[in-house]
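Structure first, commentary second.
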Amino acid sequence: MHKYRVSIVAGVGLLGASLFLVIARPLASAQAEQSSVVFNADGTVQLPTGFRKWVFLGAPLTPEGLNNGKYNCDAAGENCTKSNFPEYHHVYVEQKNVDAYLKTGDFPEGTVIVKELTRVLNPTFPDSSRMEPSGRGYFNGAYNGIDMSIKDSKRFANTNGWGFFTFGHHPMPYEKTAAEKPVAECAGCHIANVAATDMTYIQFYPLLRDKPGY
C-alpha cells in the first residue's frame, strides 16, 4: 500500500467562487524532498551545515588509553590508533526526524545523522584521562572530523537503505564533499550489529533508546 501526503490549495475563481485543489504525493517522496542533504551530480554529498542546532543525541567515546588495537594506520602501516574510534562522537539529528523515530521506531526517508568528532583533551594519564577541577576524567578537545549517514532506501538499497560518508578524520577545515564509503568501512559494521534498529546504534542514545520525551 502506498501512503500519500495530501496538500489542499485554496484560491478564488474568476466569478468569485472558492476553488480547492487537492494534490497528492507519495509520502516517502515528500519526506525525501525535505532532506537536509545536498547531492552533487557525481553522487557525492556536500559538507552539512547548521547541524549543531539539531537535537544532540549523545557522545560515545572509546579512548586510546583503554584499548590496544591497531587501527586507522597510514599507507606505510604507521601512525595507527589503538582504538578504531578514539574521538568523542557528537551525534546530531534534526528534531522532525527524532520526533518521527520516537513515534514509530524508525527514521523517515531523508533522515540525516551527523557525527562530529572531537579528540580527548590533552591526556596526562596512560588511560587518556586528565585532571580537572571536577575530578579525573575525559573531556572534549579539538574538533577532528565529520561522518554522516543518510537514509534513502532507493539510492542505498544495497546497504539496508542507508549511505555512509566521511569528510575527513582530522582537524578543521573538513573536506567540502564526500563520496559514499565502501561497505567494508562503514555499512558492513552497521549491518552486522544494528540492522534491527534502523542501522543506528540506538543503545548509545538514551533519548532514542528509552524514549523519555524532551
Side-chain angles (χ1 to χ4, degrees), residues 30-40 44-63 72 83-121 138-153 155-156 159-181 185-187 189-191 193-214:
Q31 290 174 331
E33 290 176 8
Q34 297 179 5
S35 175
S36 297
V37 70
V38 178
F39 284 95
N40 301 311
T44 61
V45 294
Q46 295 185 21
L47 181 69
T49 59
F51 60 86
R52 296 188 190 101
K53 297 179 181 179
W54 299 357
V55 176
F56 173 70
L57 295 182
L61 171 68
T62 49
N72 307 309
S83 65
N84 198 12
F85 304 103
E87 306 99 340
Y88 281 100
H89 292 177
H90 290 225
V91 178
Y92 301 89
V93 179
E94 290 175 281
Q95 183 174 340
K96 63 182 180 182
N97 296 323
V98 174
D99 292 346
Y101 183 89
L102 295 177
K103 291 178 181 178
T104 68
D106 289 296
F107 288 109
E109 290 289 315
T111 294
V112 177
I113 300 177
V114 173
K115 179 173 66 178
E116 186 166 34
L117 314 179
T118 68
R119 297 291 294 181
V120 173
L121 180 64
Y138 301 97
F139 306 89
N140 281 276
Y143 288 121
N144 200 60
I146 287 184
D147 295 332
M148 182 171 71
S149 54
I150 304 163
K151 187 171 184 179
D152 187 326
S153 297
R155 187 185 294 266
F156 307 115
T159 49
N160 282 3
W162 288 82
F164 296 83
F165 301 80
T166 182
F167 296 86
H169 288 186
H170 53 68
M172 299 173 70
Y174 308 130
E175 280 80 3
K176 298 297 184 182
T177 63
E180 183 183 4
K181 299 296 289 182
E185 293 188 27
C186 291
C189 185
H190 288 252
I191 292 170
N193 294 286
V194 290
T197 52
D198 207 1
M199 295 284 282
T200 306
Y201 285 89
I202 300 300
Q203 66 267 36
F204 299 152
Y205 312 117
L207 177 61
L208 303 181
R209 182 192 66 221
D210 304 331
K211 298 183 178 181
Y214 295 108

Please report the closest heavy-atom contact between Ala178 and Phe165, naming both atoms and the distance.
-> O-CD2, 3.6 Å
Check the pair Glu87 / Leu61 against side chain to side chain contact (heavy atoms under 4.5 Å, CB included), numbers first and verdict last.
-> CA-CA 6 Å; Glu87 306 99 340; Leu61 171 68; 5.8 Å; no
Any side-chain heavy atom of His90 sitting closer than 4.5 Å to one from Phe51?
-> no
Would you call Pro212 and Leu207 a side-chain contact if the rule is heavy atoms closer than 4.5 Å?
-> yes
How about Glu175 and Leu47: do any of their side-chain heavy atoms sit closer than 4.5 Å?
-> no
So do Asn97 and Pro108 actually touch side chain to side chain, heavy atoms under 4.5 Å?
-> yes
Look up atom OG1 in Thr200 and atom OH in Tyr205, then write down how far apart they are to the nearest 0.5 Å.
-> 8.0 Å
So how far is it from Ser36 OG to Met148 CE, rounded to the nearest 0.5 Å?
-> 10.0 Å
How long is the span from the CD atom in Glu180 to the CD atom in Glu185, to the nearest 0.5 Å?
-> 11.0 Å
Minimum heavy-atom separation for Phe107 to Leu208, with atom names?
-> CZ-CD1, 3.8 Å
Indicate yes or no: does Lys151 engage Asp198 in a salt bridge with an N to O separation below 4.0 Å.
-> yes
Search all heavy atoms of Asn40 against all heavy atoms of Val45 and return the closest pair with its distance.
-> ND2-C, 4.0 Å
Looking only at non-hydrogen atoms, find the nearest pair between Pro86 and Arg119 and report the distance.
-> CG-NH1, 3.5 Å
Lys53 charged N/C atom sitting above Tyr92 aromatic ring, 6.0 Å / 45° = no
Can we say Arg52 and Glu116 salt-bridge, meaning some charged N sits less than 4.0 Å from an Asp/Glu carboxylate O?
-> yes
Spatial distance of atom CD1 (Ile202) from atom CG (Asp210) [nearest 0.5 Å] | 11.0 Å
Closest non-hydrogen atom pair between Lys176 and Phe167, with its separation | O-CE2, 4.1 Å
Mind telling me whether His190 and Phe164 have parallel, tilted or perpendicular rings, with 30° and 60° as the class edges?
-> tilted
Give a yes or no on whether the backbone of Ala100 and the side-chain of Thr104 come within a donor-acceptor separation of less than 3.5 Å.
-> yes
Validation row: Phe204, Leu57 side chains within 4.5 angstrom (heavy atoms) = no
If you round to the nearest 0.5 Å, how far is OG of Ser149 from NZ of Lys181?
-> 14.0 Å
May I ask you to test the Tyr101-Thr111 pair for a side-chain heavy-atom distance under 4.5 Å?
-> no
Rounded to the nearest 0.5 angstrom, the NZ-OH distance for Lys115 and Tyr201 is 9.0 Å
Within-4.5 Å side-chain heavy-atom neighbours: Thr166 and Tyr174 = no
Heavy-atom closest pair, residues Gly141 and Thr118 | O-CB, 3.9 Å
